[in-house]
2 protein chains.
Amino acid sequence: MGVTRTEIFTEKQNEIAKIAKVIGHPARVAILQYLIKTNSCVCGDLVDEIGLAQPTISQHLKELKNVGVIKGTISGTSVCYCIDTENWNELTSGLLELISFNVADNNSCC
Amino acid sequence: MGVTRTEIFTEKQNEIAKIAKVIGHPARVAILQYLIKTNSCVCGDLVDEIGLAQPTISQHLKELKNVGVIKGTISGTSVCYCIDTENWNELTSGLLELISFNVADNNSCC
DNA sequence: TTTATTTATTGCAATATTACAATTAAATGA
DNA sequence: TCATTTAATTGTAATATTGCAATAAATAAA
């Protein structure tokens, strides 16, 4: 008990939940926004940009990387992170479909 | 420690995270999909539809209601739930904007 | 080699989430 | 009124998440 019962849901439902979950923390939203805004790779300045300790940022980056939404390449002593544009569309498509449904088509009867 | 430091993020970042977080569980994805699919109000059959116990479903419904994404009206001994179409667009706009950014505009340098 | 620099990992404490049994609450029908 | 139905609440156990100090690892520069 206490653990999400993924086995009773469809693969698609689990995938949507997975991407939504990783976006479901303001630090990770901030990281994604920053990576998109700078439109290029960012190394350690995420720690300065966001006001969290370096290990905490590192942990959030790891989660984003595990889902596949960002990637990082080592460049000297620093690591260069950026949006994984190859995966982005496929990862977000299910969530996009869910939230962009046309509310006008819905007769909310209550 | 252990608690999300919402105060260091912008209101928008917290809002995006909040809606993403509530979608970040397959049971709540399933509930939303079912409410959208049936295109009308749903009462207690969510417990049958999804394979979780009644208190668990009730708890997930409460979280969705707290965020404002669904609403419920009492109808006899049962409760009629549906998507809150008035709130939907505003609640999801930030998340929609974030995930629908054009990857072609991004020069992922790593 | 030694010293910075930068990031990852480990370990831990505090808190949050998930799930369900048991119970309560509220409304309907007999 | 009393039983039935349906959903919410309470309490609890298991697990996950968040955050950071301390440390380790890896590379670059002196």
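Quick caveat, the model's predicted, so the values are computed rather than measured. Proteins come first, then strands; the chains are lettered A, B, ... in the order of their sequence lines, and each starts at number 1.
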Sequence neighbours excluded - salt bridge (Lys or Arg N to Asp or Glu O under 4.0 Å) pairs with any residue from residues 95-110 of chain B: B:K12-B:E97

Those residues that, when tested against A:A27, pass side chain to side chain contact (heavy atoms under 4.5 Å, CB included) (two or more places apart): A:H25, A:L52, A:H60, B:F9

Sugar-phosphate only, base, or nothing, as touched by A:I57 at under 4.0 Å among non-hydrogen atoms: nothing

Global bending angle along the helix from C:dT1-D:dA30 to C:dA30-D:dT1, which compares the axes of five pairs at either end, to 10 degrees: 10°

Under 4.0 Å protein heavy-atom contacts per nucleotide of nucleotides 22-30 of chain C, with B for base, S for backbone only and - for none: B----BS--

Interface residues of residues 23-32 of chain B with DNA chain C (non-hydrogen, below 4.0 angstrom): B:H25, B:R28

Output the single nucleotide from [options] whose closest atom is nearest the side chain of [X].
| X | options | result |
| --- | --- | --- |
| B:T4 | D:dT18, C:dT18, D:dA8 | D:dT18 |
| A:A53 | C:dC20, C:dT15, D:dC20 | D:dC20 |
| A:E63 | D:dT18, D:dC20, C:dA8 | D:dT18 |

A:E7, CD atom: more than 12 neighbouring heavy atoms under 6.0 Å: yes

Intermediate values then yes/no, side chain to side chain contact (heavy atoms under 4.5 Å, CB included), B:V69 and B:L64: CA-CA 6 Å; B:V69 86; B:L64 288 166; 3.6 Å; yes

B:T92 side chain to B:W88 backbone, donor-acceptor under 3.5 Å: yes

Side-chain donor or acceptor of A:N87 paired with backbone N/O of A:G68 under 3.5 Å: yes

With side chains defined as the heavy atoms from C-beta onward, is the minimum distance between [X] and [Y] less than 4.5 Å?
| X | Y | answer |
| --- | --- | --- |
| B:T4 | B:N14 | no |
| B:Q13 | B:T10 | yes |
| A:L46 | A:I57 | yes |

Phosphate OP1/OP2 of C:dA8 contacted by A:Y81 side-chain N/O (<4.0 Å): yes

Presence of B:T56 side-chain N/O under 4.0 Å of C:dC20 phosphate oxygens OP1/OP2: yes

Grab the [atom1]-[atom2] distance between [X] and [N] for me, whole Å please.
| X | N | atom1 | atom2 | answer |
| --- | --- | --- | --- | --- |
| B:L61 | C:dA19 | CG | P | 13 Å |
| A:Q59 | D:dA24 | CD | P | 19 Å |
| B:R5 | C:dT15 | CZ | C1' | 15 Å |
| B:I8 | D:dC20 | CD1 | C1' | 13 Å |
| A:K62 | D:dT18 | NZ | P | 14 Å |
| A:K21 | C:dA16 | NZ | P | 16 Å |
| A:F9 | C:dT18 | CZ | P | 11 Å |
| A:H60 | C:dT9 | NE2 | C1' | 16 Å |

Reported CG-to-CD1 distance for the pair B:L35 and B:I83, which is rounded to 0.5 angstrom: 5.0 Å

Side chain to side chain donor-acceptor pair (under 3.5 Å) partners of A:E63, counting only residues at least two apart: A:R28

Pair A:I31-A:L61, side chain to side chain contact (heavy atoms under 4.5 Å, CB included): steps then yes or no: CA-CA 8 Å; A:I31 289 172; A:L61 286 168; 3.9 Å; yes

